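See below for the structure under consideration.
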There are 2 protein chains.
Amino acid sequence: MTTLLIADDHPLYRDALRGALSLSLPALTLTEAGDLTSTVDILNSEDIDLLLLDLHMPGSNDLFGLIHIRKLFPDVPVAVVSGTEDTQLISKIMSAGALGFIPKTASSGDIANAVQAILDGDVWLPPNLSDSVDEIDEEFSELADNVASLTPSQYKVLCFMRDGLLNKQIGYNLDIAEATVKAHVTAIFKKLGINNRTQAVLIASQLELEPPATSDH
Amino acid sequence: MTTLLIADDHPLYRDALRGALSLSLPALTLTEAGDLTSTVDILNSEDIDLLLLDLHMPGSNDLFGLIHIRKLFPDVPVAVVSGTEDTQLISKIMSAGALGFIPKTASSGDIANAVQAILDGDVWLPPNLSDSVDEIDEEFSELADNVASLTPSQYKVLCFMRDGLLNKQIGYNLDIAEATVKAHVTAIFKKLGINNRTQAVLIASQLELEPPATSDH
DNA sequence: CGCATAATACGACTATAGTCTTATGCGACC
DNA sequence: GGTCGCATAAGACTATAGTCGTATTATGCG
């Protein structure tokens, strides 16, 4: 039995995906999640053969979420579903370990083709874009690897750093001492090959689709 | 006599623009610049009726360059020429004070139309995109205004901050004391309504098209 | 079990960031 | 000639960032 997890924060779009897939590929079992936490929970408790991941989910932090999932479950194939058509971003998504990119404007036929292709072990990109995205961004791939090597605590600290929080505030949010936050910060610097917070924020902001202030969808 | 300045770092594309314009609008006088510094020099020494600005010029720092030029020469109309088709970015470009956006894929007819329209005092956008870009990003517009209010020295310091440099290193680069750098940094914080360097870097990174590490062409 | 390793946690210490005050020189502007 | 904005910068101070050493716990492995 082949099981597929649809992770998207829009119930309507989940329904649309479910409808399109149950028609074209009725043999699939479909599961759903609406945020990153429940996505991780389901991946932990169930055997999932393919994850359809929307980058804009609550708690996902866009590309961070993809890297996070890829690190926790390297054996689960991931296809990213997103409204963007930015080829550079798609290149980053593929460099971060996604096996396919499905634009939200794709037809149900294309979606079914994409899912079938990835289940068969292929890589899938929208036909009109496959030319411009074929090459992998080496530099970004290394960056994604470095970020993936962060421990869960370090990952959280980096997220808060990217939001402009002080060490003290991060400690308060995570309920740990400021000294511990600093230890995590130092560890992050070593793993990312940098030596101060501004450079960390720059790297973290490269992993984000939209500026925090204007997330509007 | 109407004079037009073509600012683009690709000699070939400058030639192409020159060719397209001299055919369709032979009454124009055309001038060229290959980087931001010489663009500013020419705007200082000559009367320019329209600037065609590529965002990816050396020293331009993408949107920073546009804001910089808009601040120094608020009376010179600017049309941005760029390879991107990202509607969000185009919206930012227009919010930062450009009067037109010309994609590099535009036909020579469209380019001539755009130049003529802006010279006539209109705003011009590619026909296929004008629907999705009509609204101005208020938040970003305010941000651009704030950045435009920076003095030249403050602007330079912010650029170096965005590159992850320490105050000491910025002082060395600009040949001023660290105390002066700190004074500028404090002034920048007040103008941008923030209170630490991380937030400044976040704002600065929103004004950049591509991450510094992956500028490729 | 005994050992190694990684992750988390934290205090002590040093370096850097950031504020405030004050002061000087310069050019623009009326 | 006075005023204003800007750039420069010193000194003194506080807050925050960042390093280092170390203790604790959990996890994997033979």
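Note that the structure is predicted; figures quoted are calculated from it, not measured. In what follows, chains carry the letters A, B, and so on, assigned in the order in which the sequence lines appear, proteins first and then strands, with residues in each chain numbered from 1.
Taking a 6.0 Å sphere around CD of A:E142, one finds it holds 12 or fewer heavy atoms contributed by other residues, nucleotides or ligands.
In this model, the phosphate group of C:dA17 is approached by a side-chain N or O of B:N167 to a distance below 4.0 Å at OP1 or OP2. The side chain of A:T180 contributes an N or O atom lying less than 4.0 Å from OP1 or OP2 of C:dC10. The phosphate of D:dT8 (OP1 or OP2) has a side-chain N or O of B:H184 nearer than 4.0 angstrom.
If you run side-chain contact (heavy atoms from CB on, under 4.5 Å) between A:D8 and each of A:L53, A:L52, A:D54, A:D35, only A:D54 comes through.
Residue order along DNA chain D, read from the 5' end via each residue's closest nucleotide, puts B:L174 first among B:L174 and B:N196.
In this entry the distance linking CD1 of A:I170 with C1' of D:dT16 reads 12 Å, nearest Å. Distance NZ (A:K71) to P (C:dA6): 13 Å, rounded to an integer number of Å. Per the geometry, CG belonging to B:L150 stands 11 Å off P belonging to D:dC6, to the nearest Å. The separation between B:N195 atom CG and D:dT16 atom C1' is 12 Å, rounded to whole Å. In this structure, A:E178 places its CD atom 11 Å from C1' of C:dC10, rounding to the nearest Å. Atom CE of A:M161 is separated from atom C1' of D:dA17 by 11 Å (rounded to the nearest Å). To the nearest angstrom, C1' of C:dA17 lies 14 Å from NZ of A:K168. Taking atom NZ of B:K190 as the reference point, atom P of C:dA17 lies 19 Å away to the nearest angstrom.
Residue B:T151 is in sugar-phosphate contact alone, with no base atom involved, counting any heavy-atom pair closer than 4.0 Å across all strands shown. At a threshold of 4.0 angstrom between heavy atoms, the contacts of B:S153 are confined to the sugar-phosphate backbone, with no base atom among them. As judged by a 4.0 angstrom heavy-atom cut-off over every strand, A:A183 is placed among the base-contacting residues. In this structure, B:A179 reaches the bases: a heavy-atom distance under 4.0 Å links it to at least one base atom across the strands shown.
Under the 3.5 Å distance criterion, with hydrogens and angles disregarded, no donor-acceptor pair is assigned to the side chains of B:N146 and B:S149. A:N173 and A:Q169 share no donor-acceptor pair across their side chains, judged by distance under 3.5 Å alone. Judged by distance alone, the side chains of B:S38 and B:D41 never bring a donor and an acceptor atom under 3.5 Å apart.
For A:K182, the side-chain atoms get nearest to D:dG18 when compared with the rest of C:dT19, C:dC10, D:dG18. You'll find that the side chain of B:Q154 is closest to D:dA7, out of D:dG18, D:dA7, C:dA9.
Of all nucleotides present, only C:dG25 satisfies the Watson-Crick or G-U wobble test against D:dC6, with each distance under 3.5 Å.
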